[in-house]
Amino acid sequence: RVRVRGVTIHRPIIYGNTATVLTAAERETCGFPDHTHRWTVAVRSAANAPDSDTVGGADDLSYFIKRVTFKLHDTYSNPTRNIDKPPFELSETGWGEFEIHIRIHFVAESGEKPVTLYHHLKLHPWSLTFQALGTEPEIPSPESAAKFGPVHSWQYDEIVFTDPFQSFLTLLTAH
Ligand code: SLL
């Protein structure tokens, strides 16, 4: 297999989370009375126009991503979660913020090593309540947090492949 020397090619992605406050009814039915939020962590394409109500582009990343592993806090059972097909996202309920390790595995023919990203799961709308209420930064009550709607925390990044194999370069550019 031939590497194409001197070439870099990148693919833009968005990664991060949304979170919403559980209603009293949801808190009862989710099986964990101490859980306060439902959240979704995701890796999405930043290419193509986003839909109005989703974050990230409509592009399916599976032509070059084989698996995304989300490593959660050890308070979760089975904290290592593998997602092997798009959408590369995971939803859970919980009570606390923590750092999620996001490991992106590329299709076998790429010959590329996995890439790890880190995302601080955000549940609380600190800045919004701070600005709107003029209070000191403090975790808002579930009631006031719910009024602000879903929390969003997303990062833009580019996955860069340097000296890619010719076949992988062809695969990427053909998409
Ligand atoms: C904190 N350092 O103390 C953080 C850790 C961990 C959150 C937060 C687990 C849910 C479950 C969950 O939400 N963990 O397994 O019941 O705030």
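Keep in mind it's a predicted model, so treat the numbers as computed, not measured. Atoms within each ligand, like the ligands themselves, are counted from 1 in listed order.
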Report task. Can you see which heavy atom on Ser153 is nearest to which on Lys122, and at what distance? Result -> CB-CB, 3.7 Å
Query raised in the report: Out of Asp74, Thr75, Leu72, who gets a non-hydrogen atom closest to atom 9 (C) of ligand 1?
Result: Thr75
Query raised in the report: Which of the numbered atoms in ligand 1 are below 4.0 angstrom from a heavy atom of Gly96?
Result: 7 (C), 8 (C), 13 (O)
Query raised in the report: Which atoms from ligand 1 have a heavy atom of His35 less than 4.0 Å away?
Result: 10 (C), 11 (C), 16 (O)
Query raised in the report: Which of the numbered atoms in ligand 1 are below 4.0 angstrom from a heavy atom of Gly94?
Result: 13 (O)
Report task. Starting from atom 2 (N) of ligand 1, locate the nearest protein heavy atom and write down its residue, its atom name and how far away it is, to 0.1 Å. Result -> Glu97 O, 4.0 Å
Report summary line: Smallest heavy-atom separation, Arg3 atom then Gly111 atom, equals NH2-O, 4.1 Å
Query - Val7 and Pro164, any side-chain heavy atoms less than 4.5 Å apart - result: yes
Query - Sub-6.0 Å ring centroid separation between His124 and His37 - result: yes
Query - Geometric N/O contact His73 with ligand 1, under 3.5 angstrom - result: no
Query raised in the report: Just distances here: any N/O of Trp95 and N/O of ligand 1 closer than 3.5 Å?
Result: yes
Query raised in the report: For His119 and Gln155, what are the C-alpha separation, side-chain angles and deciding distance, and is it a side chain to side chain donor-acceptor pair (under 3.5 Å)?
Result: CA-CA 8 Å; His119 174 69; Gln155 286 286 310; over 6 Å; no
**Report entry** Aromatic centroids of Tyr156 and Tyr15 separated by under 6.0 Å
**Finding:** no
